[in-house]
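First up is the structure itself, then whatever we jot down about it.
The chain is numbered in sequence order, starting from 1. Quick caveat: nothing in here was measured; it's all calculated off a predicted structure. Values below: all heavy atoms of this structure, side chains included; hydrogens, waters and symmetry mates excluded.
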Amino acid sequence: QVQLVESGGGLVQPGASLRLSCTASGHTFSSYALGWFRQAPGKQREFVVAISWGGGVSGYADSVKGRFTVSRDNAKNTMYLQMNSLEPEDTAVYYCAAREGPFGARSSADYDYWGQGTQVTVSS
């Protein structure tokens, strides 16, 4: 079993950047495919991007394509989400998730482990 902890959220103005981190403990980090999801108030949890143990990246959600970049450092047991050109529509709680199956899954139901989430608020 793996435990996940997100960090790096905050309140920023439109156009700013943030880097989220997801740090894992409890099991071999490199064994898991990972993903980022987000959930805005009153909306369902939304897929953002997935990354394999080797760093292969799935397609990004259309809403973040070209602005967000995922990466992972297995030596540090950490996954990152670099978010640039943030928009008010990016306001949400961001979650990292891990699964024991193949990477690239876009449904939250396909992930076995979740962090507690970190709040990102984009507002002027």
Subject >> Tyr111 (side chain) donor-acceptor with Ala105 (main chain) under 3.5 angstrom >> reply: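 Yes; at least one donor-acceptor contact below 3.5 Å.
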
Original post:
If only atom types and distance count, is the side chain of Glu6 paired as donor or acceptor with the main-chain N or O of Gly117 below 3.5 Å?
Top reply: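 At least one qualifying donor-acceptor pair exists.
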
Nearest-0.5 Å distance, [atom1] of residue [X] to [atom2] of residue [Y]:
{"X": "Tyr32", "Y": "Met79", "atom1": "OH", "atom2": "CE", "value": "13.5 Å"}
{"X": "Ser25", "Y": "Leu4", "atom1": "OG", "atom2": "CG", "value": "8.0 Å"}
{"X": "Leu34", "Y": "Leu81", "atom1": "CG", "atom2": "CG", "value": "12.0 Å"}
{"X": "Tyr60", "Y": "Thr69", "atom1": "OH", "atom2": "OG1", "value": "4.5 Å"}

**OP:** Following the transitive rule for hydrophobic clusters with a side-chain heavy-atom cut-off under 4.5 Å over Ile, Leu, Val, Met, Phe, Trp and Tyr, establish whether Val49 and Leu20 coincide in one cluster.
**Re:**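 The answer is yes; both residues are in one hydrophobic cluster.
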
Subject >> Same apolar cluster: Phe37 and Phe68, side chain cutoff 4.5 Å >> reply: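 No, Phe37 and Phe68 fall in different hydrophobic clusters.
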
Please list, one pair per line, the donor and acceptor atoms closer than 3.5 Å that link side chains of residues 88-95 to other protein atoms, with sequence neighbours excluded.
from  : atom 1 : to     : atom 2 : distance (Å)
Asp90 : OD1    : Arg38  : NH1    : 2.9
Asp90 : OD1    : Arg67  : NH2    : 2.9
Asp90 : OD2    : Arg67  : NH1    : 2.7
Asp90 : OD2    : Arg67  : NH2    : 3.4
Asp90 : OD2    : Glu87  : N      : 2.7
Thr91 : OG1    : Pro88  : O      : 3.0
Thr91 : OG1    : Val122 : N      : 2.9
Thr91 : OG1    : Val122 : O      : 3.4
Tyr94 : OH     : Arg38  : NH1    : 2.9
Tyr94 : OH     : Asp90  : O      : 2.7

**OP:** Could you pull out all residues at least two apart from Arg72 that satisfy side-chain hydrogen bond (donor to acceptor under 3.5 Å, both in side chains)?
**Re:**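 If we apply the side-chain hydrogen bond (donor to acceptor under 3.5 Å, both in side chains) test to Arg72, skipping adjacent residues, the hits are Asn74.
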
Subject >> Residue pairs passing the salt bridge (charged side-chain N to carboxylate O under 4.0 Å, His left out) test where at least one lies in residues 48-64, sequence neighbours excluded >> reply: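 Of all non-adjacent pairs touching residues 48-64, those that pass salt bridge (charged side-chain N to carboxylate O under 4.0 Å, His left out) are Asp62-Lys65.
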
Original post:
What pairs with Ser21 under side-chain contact (heavy atoms from CB on, under 4.5 Å), at least two apart in sequence or on another chain?
Top reply: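 Ser21 satisfies side-chain contact (heavy atoms from CB on, under 4.5 Å) with Ser7, Thr78, Tyr80 only.
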
Original post:
Under the side-chain contact (heavy atoms from CB on, under 4.5 Å) test, which residues partner Gln1, sequence neighbours left out?
Top reply: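 Scan of Gln1 (side-chain contact (heavy atoms from CB on, under 4.5 Å), adjacent residues dropped) gives Gln3, Tyr113.
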
Original post:
Does CH2 belonging to Trp114 count more than 12 external heavy atoms closer than 6.0 Å?
Top reply: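 Enclosed.
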
Closest approach of [X] to [Y] (non-hydrogen atoms, all atoms of both residues):
{"X": "Glu46", "Y": "Ser63", "result": "OE2-OG, 3.5 Å"}
{"X": "Val2", "Y": "Ala98", "result": "CG1-CB, 4.1 Å"}
{"X": "Phe47", "Y": "Gly59", "result": "CE2-O, 3.5 Å"}
{"X": "Gly56", "Y": "Phe103", "result": "O-CE1, 3.4 Å"}
{"X": "Gly101", "Y": "Ala33", "result": "O-CB, 3.8 Å"}

Name each donor-acceptor pair under 3.5 Å that joins a side chain in residues 12-19 to protein atoms two or more places apart or in another chain, with its distance.
from  : atom 1 : to    : atom 2 : distance (Å)
Ser17 : OG     : Asn84 : OD1    : 2.9

